[in-house]
Amino acid sequence: MEPGIRVEPGCSKWDIRQKVWDHIENNNLADFPRPVHHRIPNFKVSRQACQKITDLEIFRRTREVKVDPDKPLEGVRLAALQAHKTLLVPTPRLRTGLFNKITPPSGANKEVLRICSTSQGVRDYSVPMGLDAKVQVDLVVVGSVAVSVEGWRIGKGEGFADMEYAMMVSMGAVTEHTVVVTVVHDCQVVDIPEELLEDHDLTVDFILTPTRIIKTDCKRAKPQGIIWSMITREMMAKIPILRNLQDRERKAGRDVSLKDENASEKGTRQSPFGVTEKEVRPCGSVLSEHKHPADVQLHTKLETCNLYDGVTVYIGNIPSSTRVSELKSMLRERGAAPLRLTWQGAQHRAFLDYKDVVQAKQAVSSLEGISINGISLLVELARTQRHKTNGNQGFGKKIVRETKSSNVLQPHILT
């Protein structure tokens, strides 16, 4: 581990990500795109690290290689093409399928192969591959934000590398002998507590850095397939290929019940965080008490509803570059997953709904000192919700909240 990145006991995955991103930015270790926060860092000497892939015996004897589309892995993609291997690259965010096969034009020279290894090449020189494609991948190369010498890996928090591998298991494209490699800067090799790992987390067998090749001898099992009980309807809608895989496994007699379908209470459903929440049924009356012109224009279509007697936590000062998925990851890792999250990124804020005052206060405590990109977030009970802590359960029944940033009541439909 490079001096300067110290992982304190009790750190979450998100804490480790922040430390690595901050270190790379503060020491100017990255090329475009910048800043590296919320990305797989494109470190400046990535080509040097990528060249080491040719030193691995598994690379020399494999015929099909799956390489993630991250910028710092361009050198690995180029090496695979130059070695005349079948190069598979996942489709961005799995929106249109699982793989694209890179197919350089006949007689492609080195410059054309270089283009084929870039994001432009993935767009211009690839063909999609369906689930019926006979693929046997012996080598998988993934990007990482942080990795340990034991083989524990942390990505940028969206879970796509883990999901892709699980999908490949389900379609028979990988086996227990498939080797997983990651390419990182030396500073990204850090201590990661094993207790942070979950069953769906992908581990690695080799780490390539600009200065060394690390064989991890990792014995922890890799994902054995899609864990359907962790998949939500929201994820199914965003990743259509999941529906095809679910149909296949259902026909094979496997349990493919989704997280949402495992809710045990009648009339309840589960949020993407996996916490049971009560259904909120829309009512018909339109808010009309807002006199501010901007509010009248913005909220003429908002409706009021009677909610459960929950308590709302306000998060403010959220950097404009933050994605809602990143905030969700932070909440999960700190044990503060809400029943609902109302995202207002343009206003640099979000609202978290909890079952009762106890859970809301626990969340505020868990989120104490939280920051994104070095910017401290404001976390507190939403102003209208503070009345509930004093026994006024009737106040706040409408979806209307007031924040410190404005004297105007701000309504929010919880969807």
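The model shown is predicted, which means the values in this text are computed figures rather than measured ones.
Under a 3.5 Å cut-off, the side chain of Tyr354 and the backbone N or O of Ala336 do form a donor-acceptor pair. For the pair Ser329 (side chain) and Gly157 (backbone), a donor-acceptor distance under 3.5 Å is present. Remark: the backbone N or O of Leu202 is paired with a side-chain donor or acceptor of Asp162 at under 3.5 angstrom. Judged by distance alone, with hydrogens and angles left aside, the side-chain atoms of Thr312 form no donor-acceptor pair with the main-chain N or O of Ala382 at under 3.5 Å. When atom types are taken as modelled, the side chain of Glu333 and the backbone of Ser12 share no donor-acceptor pair closer than 3.5 angstrom. At distances below 3.5 Å, at least one donor-acceptor pair connects side-chain atoms of Gln188 with backbone N or O atoms of Ser144. Not a single donor-acceptor pair under 3.5 Å links the side chain of Arg248 to the backbone N or O of Asn244.
Evaluation of the salt bridge (charged side-chain N to carboxylate O under 4.0 Å, His left out) test over residues 42-54, restricted to residues two or more places apart or in two chains, returns Arg47-Glu74. Residue pairs meeting the salt bridge (charged side-chain N to carboxylate O under 4.0 Å, His left out) criterion with at least one partner in residues 218-232, sequence neighbours excluded, are Glu194-Arg220, Asp205-Lys222.
Using a cutoff of 4.0 Å between basic side-chain nitrogens and carboxylate oxygens, Arg212 and Asp186 are scored as salt-bridged. One finds no salt bridge joining Glu326 and Lys156 here, because no Lys/Arg side-chain nitrogen approaches an Asp/Glu carboxylate oxygen to under 4.0 Å.
In Asp247, the CG atom is crowded: over 12 heavy atoms of neighbouring residues, nucleotides or ligands sit closer than 6.0 Å. Heavy atoms from other residues, nucleotides or ligands lying under 6.0 Å from CD of Glu57 number more than 12.
Looking at Asp138 and Thr178, their side chains never bring a donor and an acceptor atom within 3.5 Å of each other. In this model, a donor atom of one side chain and an acceptor atom of the other lie less than 3.5 Å apart for Glu150 and Ser148. For the 3.5 Å distance criterion, the side chains of Ser366 and Arg334 fail to qualify, holding no donor opposite an acceptor.
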side-chain hydrogen bond (donor to acceptor under 3.5 Å, both in side chains) between Asn100 and Thr91, worked out: CA-CA 6 Å; Asn100 283 324; Thr91 60; 5.7 Å; no
Tell me, with the steps shown, if Lys355 and Asp353 meet salt bridge (Lys or Arg N to Asp or Glu O under 4.0 Å). CA-CA 7 Å; Lys355 180 180 179 181; Asp353 290 327; over 6 Å; no
Would Glu249 and Ser170 satisfy side-chain hydrogen bond (donor to acceptor under 3.5 Å, both in side chains), going step by step from the backbone distance to the final call? CA-CA 8 Å; Glu249 298 203 4; Ser170 296; 2.9 Å; yes
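Qualifying salt bridge (Lys or Arg N to Asp or Glu O under 4.0 Å) partners for Lys215, counting only residues two or more places apart in sequence or in other chains: Asp217. Every ring pair (Phe, Tyr, Trp, His ring centres under 6.0 Å) that Phe43 has, sequence neighbours left out, goes to His185. Partners of Lys13 under the salt bridge (Lys or Arg N to Asp or Glu O under 4.0 Å) rule, at least two apart in sequence or in another chain, are Asp201. Contacts of Arg63 classified as salt bridge (Lys or Arg N to Asp or Glu O under 4.0 Å), with partners at least two apart in sequence or in another chain: none. Applying the side-chain contact (heavy atoms from CB on, under 4.5 Å) test to Met129 and every residue at least two apart in sequence or in another chain returns Leu88, Phe99, Lys101, Ala133, Val135. With sequence neighbours excluded, no residue satisfies salt bridge (Lys or Arg N to Asp or Glu O under 4.0 Å) with Arg77. For Asn317, the side-chain contact (heavy atoms from CB on, under 4.5 Å) partners at least two apart in sequence or on another chain are Ile375. With sequence neighbours excluded, no residue satisfies ring pair (Phe, Tyr, Trp, His ring centres under 6.0 Å) with His200. Scanning for ring pair (Phe, Tyr, Trp, His ring centres under 6.0 Å) contacts around Trp343 gives an empty result, with sequence neighbours left out. With sequence neighbours left out, the side-chain contact (heavy atoms from CB on, under 4.5 Å) criterion links Ala83 to Phe59, Lys85.
Minimum heavy-atom separation, Ile192 to Trp152: O-CD1, 2.9 Å. Listed here is the closest heavy atom pair of Leu331 and Pro338: CD1-CD, 4.0 Å.
Interatomic distance, Ile24 CD1 to Arg39 CZ, rounded to the nearest 0.5 Å: 12.5 Å.
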